[in-house]
Amino acid sequence: MVEASASVMVFAFLPFVLSGLVDSEKIWALGSGILAVTSPLLVGSIYVRQRRLFGSGLIRETLLFDTFVMIMAALVEIALVVNFLGLVFESRFAAYLLGVLFPLAVAVAMFIRAIFAADASDREAPPSDPGD
């Protein structure tokens with residue numbers, strides 16, 4: 001969650017940095033392009049870290065939740081690319097803001113998944129002998 005929060009802070013200030021480099025009408029498009037490249041890397045790193053901690057098995061309690069997160073990740077990526085290219089509408093801050101906040105939402109989702117994974121691993125662990 002700390003990594004995702006830090007990325008939100010970095011990308012929240014990115015438009016201010018870009019304002020010194022490009023015209024104001026291109027800030028949101030360029031920011032969306034940068035997010036379209038980096039967001040899958042960040043979301044992927046969150047999933048990889050969880051896989052290392054809890055194994056590769058899907059948890060029945062969070063299967064629908066995980067599916068929803070992956071569908072939302074694809075939709076956010078599409079919104080960022082469309083905003084970058086300006087295909088459907090003029091580039092605006094809304095798609096950029098969605099892209100900035102999504103890794104934080106994924107981190108929260110993975111925290112919830114971690115709670116269920118820890119509970120599932122506790123149930124599968126053999127009982128310990130109190131005489132040890």
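Every heavy atom of this structure was used, including side-chain atoms; hydrogens, water molecules and symmetry mates were not.
- What you find for Leu18 and Gly31 is that their closest heavy atoms are CD1-N, 3.8 Å.
- Residue Leu104 is grouped with residue Ile71 when hydrophobic side chains (ILVMFWY) are merged at heavy-atom distances under 4.5 angstrom, including chains of intermediate members.
- Put simply, Met72 and Leu97 are part of the same group of oily side chains (I, L, V, M, F, W, Y) that touch within less than 4.5 Å, one to the next.
- For the atom pair OG of Ser7 and CG of Leu14, the computed distance is 11.5 Å after rounding to the nearest 0.5 Å.
- Under the 4.5 Å side-chain heavy-atom criterion for ILVMFWY residues, a single connected hydrophobic cluster contains both Leu21 and Ile27.
- A single hydrophobic cluster is seen to contain both Phe68 and Phe102, as judged by linkage of ILVMFWY side chains at heavy-atom distances under 4.5 Å, directly or through other members.
- With rounding to the nearest 0.5 angstrom, the CD atom of Glu77 is 10.5 Å from the OG atom of Ser32.
- Note that the CG atom of Leu35 and the CG atom of Leu30 stand 10.0 Å from one another [nearest 0.5 Å].
- Panel note: side chain Ser45, backbone Leu42; a donor-acceptor pair is recorded below 3.5 Å.
- Contact between Ala95 and Leu80 at its shortest, heavy atoms only, is O-CD2, 3.5 Å.
- At least one donor-acceptor pair closer than 3.5 Å links the side chain of Tyr96 to the backbone N or O of Phe11.
- Taking hydrophobic clusters as Ile, Leu, Val, Met, Phe, Trp and Tyr residues chained together by side-chain heavy-atom distances below 4.5 Å, Val10 does not share a cluster with Val100.
- Residues Pro103 and Ser39 are in side-chain contact: their nearest non-hydrogen atoms beyond the backbone lie under 4.5 Å apart.
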